[in-house]
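Below: one structure, written as structure tokens.
Order of the sequence lines sets the chain letters (A, B, ...), proteins ahead of strands, with each chain counted from 1. What you are looking at is a predicted structure, and each value in this text was computed from that prediction instead of being measured.
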Amino acid sequence: MDFFTLQDFYTHTKGIAYILIVVTLIGMAAFWLYLTDHENDDGEFHF
Amino acid sequence: MFKLKDVLNRSLLTPFNIIAGVIILIGLVITALRFFGGLATVTNLSDYNPWGLWIGFDLLCGVALAAGGYVTSAAVYIFGMKKYHSAVRPAILTGFLGYALVVLALSYDVGRPWRLPYPFVVQAGTTSVLFEVGACVLLYLLVLFVEFTPAASEWLGFRRARNLVVRLTMVLTILGVILSTLHQSSLGSLFLIAPSKLHPLWYSQYIPVFFFISSIVAGLSMVILEGSLTHRYFADKMDETHLREKEDVVFGFGKAASFVLAAYFAIKVFGITMDNNWHYLSTGYGAWFLVELLGFVALPCLLYSVGVRDRNIKLIKWTSALAVLGIMVNRFNVCLVAFNWHLPSSERYFPSWMEIGLSLFIVTVGVAAFKFIVTFMPILYEHPEYKTPHA
Amino acid sequence: MSISRRGFLAWMGAAGITALSARAGATPRHFEGYPQSLCVLHDITLCIGCRSCEAGCNKVNELPAPAVPFTDLTVLDKKRRTNAKAYTVVNKFTSPGGNPIFVKNQCNHCLEPACASACFVRAFSKNGDGSVTYDSSVCVGCRYCMIACPFEIPTYEYDEPFTPRIMKCTLCHPRITKGLLPGCVEACPTEALSFGTREDMLKLARERINKYPGRYVDHIYGEHEMGGTNWLYLSGVPFRTLGMREDLGITPAPDLTSGALATVPMVAALWPALLTGIYAISKRREKMLSGDKQDAIAKAVAEANAKSQAALTAALDKAKKEKEDSVKKAVKAALEQSAQKTQAQ
């Protein structure tokens with residue numbers, strides 16, 4: 001892909017970065033929920 | 001617990017209500033002027049000074065002082081300091097109201113507030129620090145709102161909703177810390193693009209770090225300050241746990257604030273060191289920088305430490321007010337005082353009466369909302385149907 | 001030219017290493033900008049301060065008529081800046097010799113515009129023709145571009161309640177796309193404004209400096225400032241005496257914030273692991289503390305149990321012994337009785 005300006009380059013790279021940030025955050029949250037056991041939930045937060 | 005009909009039976013003409021009412025009325029007039037006459041009718045903004053009090057105070061100070069939400073919930077849920085648990089809900093409430101008011105203030109400041117969603121739904125300027133600030137503030141406002149809903153749910157009897165949110169505590173807390181780290185630092189990063197306009201003693205590659213660390217100080221201090229005000233005016237709404245844990249919060253947070261202020265002092269000095277800006281200290285702006293660094297960073301650091309060592313609650317409370325003031329001084333310095341320092345005084349900015357009036361209006365709306373919520377919802381006490389066992 | 005085998009191998013080796021390092025990304029990123037982009041050269045020494053450029057700009061952009069007509073040159077006695085009704089202004093300065101110097105001021109159409117970098121809705125575009133244009137249809141009115149511009153150019157329609165716009169020079173983008181000259185360049189009666197590709201304007205500027213070294217300061221303003229601009233300036237006096245800042249540096253605006261923005265993905269990806277780790281540690285510590293507590297309780301209970309067990313065993317033994325003793329006694333008594341009986345018979 002040809003970029004003539006730094007501005008165009010950054011617009012492209014940061015655009016992809018932001019999308020991946022959202023994916024990462026959701027992914028990490030889901031992964032954490034998968035890793036931790038929540039079978040015995042009684043609706044309270046246990047420290 | 002307090003019922004709405006009890007309040008309505010009492011007279012509504014309390015001193016607070018009268019003063020608040022006047023301020024709100026004035027605010028509504030200013031609102032009409034701003035939206036029918038344009039920003040020029042109400043503000044002293046100019047082409048040299050596009051950002052004024054509403055950005056300096058309502059946005060920068062507002063966000064910094066609402067940091068108690070993420071700091072307190074991180075301390076309790078991530079670092080496991082359970083003895084501060086009673087401070088979480090008030091801090092989250094302050095955070096939520098603070099950020100909501102930031103959005104309200106922005107609606108006055110930007111030229112076309114109905115277009116505020118544009119960067120996210122129309123065209124994203126991803127190279128902009130402001131894009132990142134906007135995205136994180138928006139997401140964090142959502143997180144804070146969700147974190148606030150258990151209190152409202154308990155009041156309204158929405159048990160299922162309340163339990164669902166409580167199970168998400170960990171995820172929300174971690175997300176809150178991530179988003180706060182990002183936007184607290186980025187509010188400082190906004191100014192990185194204007195090195196030629198910000199005085200060298202305040203312009204630094206470390207601005208994002210300065211803003212982030214000072215936001216922790218702001219959060220800790222606001223919890224102490226606001227806790228002392230709440231205890232003074234809403235003691236009748238605090239249950240035994242809250243009253244009992246109050247002292248722990250003051251000493252614990254005071255100790256933490258002292259230490260973080262010491263670290264903040266060090267990094268500010270490194271900021272000067274790395275850019276070799278020592279000679280600026282002997283100028284007029286340098287003197288003011290020293291006032292900020294010594295009077296509003298070093299001094300509260302020292303006073304907090306004395307208060308903690310001597311178990312002096314009163315000293316810690318007064319110091320928290322000094323520290324909060326110091327954060328405001330810093331934000332004002334970056335945005336209004338050290339910014340455009342190179343311009344002649346004829347081109348410098350000072351807020352208009354209406355800008356000040358509107359900022360006062362926004363704060364009053366926040367205080368009134370806080371008062372209402374704290375009166376009717378389980379913020380300062382635990383709802384009897386949802387009491388959790390305490391270790 | 002002949003080359004020895006050794007020399008040939010040395011060159012090949014060097015070329016190979018260079019190629020390898022290039023492939024490994026060792027070369028820093030460099031962007032040249034759009035080729036053949038158009039540019040204005042403002043020769044300050046030729047400006048007579050007639051304000052025809054201001055009039056021309058006002059006309060082609062259909063800006064509102066000014067309070068004071070463009071023919072009025074007394075306005076030059078005060079320093080002016082661009083405003084919402086004027087994309088460009090001419091200012092007057094005085095040379096050391098006492099002669100007036102006139103300088104035209106407007107958007108410099110930077111190669112890497114700070115306004116474009118700062119705008120969070122991408123309302124600014126750096127076009128292929130060199131112009132930096134503004135799209136009012138997406139602008140939210142945050143005015144961050146005004147903070148960002150090092151030349152203090154963008155202005156705002158603060159008295160517009162519902163449709164306030166940023167106002168700034170467009171390099172007459174619609175006109176130059178059609179092959180016309182920008183309004184100011186066309187109106188200028190002297191050669192103070194020249195128009196062509198950036199490459200040609202730089203060449204022209206260098207030629208003038210070389211041809212008349214005594215006339216010009218040996219510097220083309222805009223060649224490198226803020227990474228370079230599509231509006232270049234030549235002057236006979238130091239630029240800073242003409243209100244043009246010489247301390248802006250050559251770093252392009254996007255690079256001023258790219259460092260801070262680069263940390264965003266790192267925080268987003270690493271904080272979850274870091275914070276969860278801290279949580280796990282604090283939870284484990286708590287478990288161990290409560291585990292220690294439970295161990296102590298269990299130990300005490302066990303000790304108490306053992307004690308009572310020992311006491312019970314002792315009591316049982318004692319009872320057993322007593323029973324044995326009493327049995328022994330009874331047997332002994334019985335034996336004695338039977339012995340007595342046998343004796344009596």
So for B:Leu175, is it side chain, backbone, both, or neither that comes closer than 4.5 Å to the heavy atoms of chain A?
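For B:Leu175, the contact with chain A is made by the side chain alone.
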Proximity breakdown for B:Leu168 and chain A, heavy-atom pairs closer than 4.5 Å
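Neither the backbone nor the side chain of B:Leu168 comes within 4.5 Å of chain A.
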Is it the case that B:Tyr70 and B:Ser215 place a side-chain donor and acceptor less than 3.5 Å from each other?
yes
Closest heavy-atom pair and its distance - B:Ala91, B:Val223
CB-CG2, 4.1 Å
Please tell me whether B:His183 and B:Tyr99 form a close aromatic pair, meaning their ring centres lie under 6.0 Å apart.
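When the ring centroids of B:His183 and B:Tyr99 are compared, they turn out to be within the sub-6.0 Å range.
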With a 4.5 angstrom heavy-atom cut-off, which part of A:Tyr18 approaches chain B: side chain, backbone, both or neither?
side chain
Which of B:Glu132, B:Arg159, B:Arg160 touches chain A most, by non-hydrogen pairs under 4.5 Å:
B:Glu132
Are more than 12 heavy atoms, taken from residues, nucleotides or ligands other than B:Phe145, located less than 6.0 Å from that residue's CZ atom?
no
